[in-house]
S.K.: 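Pasting in a structure now, in structure tokens, and then I'll have a few things to ask.
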Amino acid sequence: MDRFPFPADLIHAQQQWHTTYRALAAPRPRRTTELRRRLLMLSVRIHWHPFWSTPAGRTPAARVELRQRTAAGRMRGAA
């Protein structure tokens, strides 16, 4: 069972953030300005999401678990 009830839109934004970051970190990425803007937009969307104002979202552990959960999903897809 999940410790934190993350909304689907927050999980999706974090997954998109990971995807965009990997694209920007690739050797000689194309469209770097577009990728940087997208990364910034996603960072703002994640940081200011209403979930962080709820009792479950107020702990630093919630932010860590969101990143770990979305990174783990990314690794499962690659395996």
Side-chain angles (χ1 to χ4, degrees):
M1 184 174 166
D2 298 329
R3 258 179 75 187
F4 299 99
F6 296 115
D9 64 325
L10 181 58
I11 291 173
H12 185 67
Q14 185 68 48
Q15 289 169 335
Q16 288 180 328
W17 189 94
H18 284 297
T19 301
T20 305
Y21 187 86
R22 282 194 317 273
L24 191 57
R28 290 196 260 152
R30 296 175 188 249
R31 303 180 334 258
T32 57
T33 301
E34 178 185 330
L35 289 171
R36 287 179 184 181
R37 286 180 181 160
R38 180 160 176 73
L39 195 63
L40 181 59
M41 183 267 306
L42 289 166
S43 296
V44 169
R45 186 181 299 169
I46 292 165
H47 182 79
W48 292 106
H49 194 279
F51 174 76
W52 306 123
S53 298
T54 66
R58 287 193 182 114
T59 64
R63 291 185 187 265
V64 171
E65 185 171 325
L66 176 66
R67 286 190 297 268
Q68 288 175 344
R69 189 183 301 178
T70 55
R74 184 181 79 230
M75 284 192 234
R76 271 186 297 228

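Nothing here was measured: the structure is a model prediction, and the numbers come from that model.
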S.K.: Side chain to side chain contact (heavy atoms under 4.5 Å, CB included) for Arg38 and Gln16? Distances and angles first, verdict last.
M.R.: CA-CA 9 Å; Arg38 180 160 176 73; Gln16 288 180 328; 3.3 Å; yes

S.K.: Please round to the nearest 0.5 Å and tell me the distance separating atom NE2 of His47 and atom CG of Leu42.
M.R.: 14.5 Å

S.K.: Output the distance between atom CZ (Arg63) and atom CG (Leu10), rounded to the nearest 0.5 Å.
M.R.: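 It comes to 8.5 Å.
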
S.K.: For Arg58, does the CZ atom have more than 12 heavy-atom neighbours from other residues, nucleotides or ligands under 6.0 Å away?
M.R.: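 Buried by this count: over 12 neighbours within 6.0 Å.
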
S.K.: Any link between Ile11 and Tyr21 through a network of hydrophobic side chains (Ile, Leu, Val, Met, Phe, Trp, Tyr) touching at under 4.5 Å?
M.R.: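 Yes, because Ile11 and Tyr21 connect within a single hydrophobic cluster, where side-chain heavy atoms sit under 4.5 Å apart.
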
S.K.: So how far is it from Gln15 CD to Arg69 CZ, rounded to the nearest 0.5 Å?
M.R.: 10.5 Å

S.K.: Considering all heavy atoms of both residues, which atom of His18 and which atom of Ala71 are nearest to each other, and what is their separation?
M.R.: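 Reported closest heavy-atom pair: NE2-N, 4.1 Å.
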
S.K.: Nearest 0.5 Å please: distance from the CD1 atom of Ile46 over to the NE2 atom of His12.
M.R.: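 One finds 10.5 Å between CD1 of Ile46 and NE2 of His12.
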
S.K.: Rounded to the nearest 0.5 Å, how far apart are OG1 of Thr54 and NE2 of His49?
M.R.: 9.5 Å

S.K.: Only counting residues at least two apart or in another chain, list the ones meeting side chain to side chain donor-acceptor pair (under 3.5 Å) with Arg31.
M.R.: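 Residues passing side chain to side chain donor-acceptor pair (under 3.5 Å) with Arg31: Glu34.
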
S.K.: For Phe51 and Pro7, work out which heavy atoms get closest and say how close.
M.R.: CD1-CD, 3.7 Å

S.K.: Between Phe4 and Phe6, what is the ring plane arrangement, given parallel below 30°, perpendicular above 60°, and tilted in between?
M.R.: tilted

S.K.: Given 3.5 Å as the limit, does a donor-acceptor pair link the side chain of Trp52 with the main chain of Ala62, or not?
M.R.: no

S.K.: Work out which heavy atom in Pro29 is nearest to a heavy atom in Leu24; give both atom names and the distance.
M.R.: CG-O, 3.5 Å

